[in-house]
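So the structure is just underneath, and the comments pick up after that.
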4 protein chains.
Amino acid sequence: MTKGRLEAFSDGVLAIIITIMVLELKVPEGSSWGSLKSLLPKFLAYIFSFIYVGIYWNNHHHLFQVVKKVNGSILWANLHLLFWLSLMPIATEWIGTTHFAENPVAAYGICLIMAAVAYTILENLIVSHEGEDSKLKEAIHSKFKEYISIIFYILGIAVSFFYPYIAIGFYYLVALIWLIPDRRIEKSLKEN
Amino acid sequence: MTKGRLEAFSDGVLAIIITIMVLELKVPEGSSWGSLKSLLPKFLAYIFSFIYVGIYWNNHHHLFQVVKKVNGSILWANLHLLFWLSLMPIATEWIGTTHFAENPVAAYGICLIMAAVAYTILENLIVSHEGEDSKLKEAIHSKFKEYISIIFYILGIAVSFFYPYIAIGFYYLVALIWLIPDRRIEKSLKEN
Amino acid sequence: MTKGRLEAFSDGVLAIIITIMVLELKVPEGSSWGSLKSLLPKFLAYIFSFIYVGIYWNNHHHLFQVVKKVNGSILWANLHLLFWLSLMPIATEWIGTTHFAENPVAAYGICLIMAAVAYTILENLIVSHEGEDSKLKEAIHSKFKEYISIIFYILGIAVSFFYPYIAIGFYYLVALIWLIPDRRIEKSLKEN
Amino acid sequence: MTKGRLEAFSDGVLAIIITIMVLELKVPEGSSWGSLKSLLPKFLAYIFSFIYVGIYWNNHHHLFQVVKKVNGSILWANLHLLFWLSLMPIATEWIGTTHFAENPVAAYGICLIMAAVAYTILENLIVSHEGEDSKLKEAIHSKFKEYISIIFYILGIAVSFFYPYIAIGFYYLVALIWLIPDRRIEKSLKEN
């Protein structure tokens, strides 16, 4: 089966997720700058989630560059990833409206870690479907970034119940690690 | 006529349907875990519908893999399918807010059965347009899954007026039957 | 310039228009069938507009089948068409909430006639860009359907101030005329 | 890396941005024409923003016509542009609900200028990635339109605190400059 529609559908879902988050930024009552102040935590949460969904789109893009064929399991693993990402808008709004309170920040972290797990499952299914000696296998053999992300997420969720801002710091670190899209794949593509 | 835009438009509509359902999950008032509890039935309904729309996208994807050309009737049969699926978000919200009450569960089942009927019409139109000896004809000759689904939906709707949770069980069974995307088509593609 | 992205963007906008209309169907308060009754006019309006947007998508699809190249004017004529269609959700909601009252039905007709005018402009620009002896020129030389539609819309708008249901009848007639997608183009494609 | 998905994702996001703005046009209470009057400023703001997003889509389309390959930096520069454009719906609603008040008009201008800066960054990254002697380099060598736009935006924002309608005039002028999509690229494409 061809990968075209999986990419198109994922692009659609990610484009909608990234854009409906902005709908939560309700317009302030008055026209003074002060009336914007109450939007600030929501706006910061929006920027944060925009970057996160952007990272997932970017890496999804990179991942499927090397994919040649898909099967039923890969389609479902992809939907599983999209499911967790689809919870980002509500998780974002919860941390925004509660000004980054303990439980919401933990819930946000749970969304992030589940998305990371779903992404890893997707990666593994693709590698096993592409075959052992595929370009992807080579490209992502170390999995270092995947492991360090999971560890940082766990630390973030654990610490969120006491110091939610430090938890956000951990999530932010993971974002930084991934902000640079998977150069491993870009490099591997160039070599071939 | 080429099938590219029919696929793109369907992907767009399905991507939006699957994503706007999450907008119904309104953020809870407070930041305690307890405040999430009232979201639970809505969340379960969301997962359920996410899987259902996912199944339709998956099978739509499989179905059009073997399609070579489309005509006006196929375009409208496809829009007819999308119409019934577009009612999923509101049906989902209704079962969610009423905690799976009798009538909403029946209404949800009616949406599902109409979508199933629309899908079968689409399949038949495609087979007759592709020609009798097409790969699709071979692939879906038995129609066993289609018939059993319709029967389970009817049972589900009938029972929903008395025991809505058993109705959900019937709908769930149909989902399980289809969760595995149409291997018949995948197999037939491989053989050729 | 290639036409690929114009098609993709139009598919996206039309997919969103057709799907956000369903968001206006607010879930009823209770779980009785009676509570659905207040949804009925909105639901009818939704079906009507779904068919109309479907017709536009269908004909847009047919129209661009024969297009080989686009230019800046065509891009803007297309956006102009999408602008009028983007007003369909609000026009639909207005006729739905006011139970097909006089002014809303007239406003709905104005949206429809403006979309029809925009579509005709787009068609003309494409014909003149494709060249006089293009397949499209041949295919749509009569313009009979376009003229009869405009006349029916004008009659509909005029009558809407007195008998809005008759106006809806006129709009419905136009829909019927176009429901069969542009066979002229399909036929012309087959001949070549 | 291929540019296909970057285009598809951008088309998706822009299609959603342009369409969700219409959701802010809440249906009036009654069915009289008078009840539409309160919608007028919002409607004007919608038209204005529709044109602006249309301009960006148009120029994005033109820009990527000459692009052959993309890299990680271009993906992020593109997301950066989409971020600022994603704020258009809320900025539009703010100027609409406050009837083009001072601060909202300034905020709207800030969105526009940031989008213009993001677009320029994207252009530069693409030129440097495509290579010095690329067609794009030739096509956009003068950058006159980019500079005059930035100047008009700054003037608009400065004047918005005193005469917001004159500020809108400045933004409108920039729109006029760009309404004609980048003929430089179209011309350069024709020559080659």
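No experiment lies behind these values; they were computed from the predicted model shown. By convention in this document, chain letters (A, B, ...) are assigned in the order of the sequence lines, proteins followed by strands, and residues within each chain are numbered from 1.
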To the nearest 0.5 Å, what is the distance between CG (A/Asn58) and CG (D/Leu79)? 6.0 Å
Of all heavy-atom pairs between D/Trp94 and A/Gly30, which one has the smallest distance, and what is that distance? NE1-O, 2.9 Å
Answer with side chain, backbone, both or neither: which region of A/Leu23 has an atom nearer than 4.5 Å to a non-hydrogen atom of chain D? side chain
Flag the pair A/His60 / D/Arg5 as yes when at least one side-chain heavy-atom distance between them is below 4.5 Å, and no otherwise. yes
What closest approach, in Å, do A/Gly54 and D/Trp76 show between heavy atoms, and which atom pair accounts for it? C-CH2, 3.7 Å
Kindly check if the number of other-residue, nucleotide or ligand heavy atoms within 6.0 Å of CZ (D/Phe161) is above 12? yes
Just give me the residue among A/Ile51, A/Val22, A/Leu36, A/Val27 that pairs up with chain D most often, heavy atom to heavy atom, under 4.5 Å. A/Val27
Can you name the residues of residues 80-92 of chain A that have some heavy atom under 4.5 Å away from a heavy atom in chain D? none
Within residues 6-21 of chain A, the residues sitting under 4.5 Å from chain D by heavy atom, in sequence order, are A/Glu7, A/Ser10, A/Asp11, A/Leu14, A/Ala15, A/Ile16, A/Ile18, A/Thr19
Exactly one of A/Pro28, A/Ser31, A/Ser35 should register a side chain to side chain contact (heavy atoms under 4.5 Å, CB included) with D/Pro104. Which one does? A/Ser31
Heavy-atom distance under 4.5 Å between the side chains of D/Leu75 and A/His62, does that happen here? yes
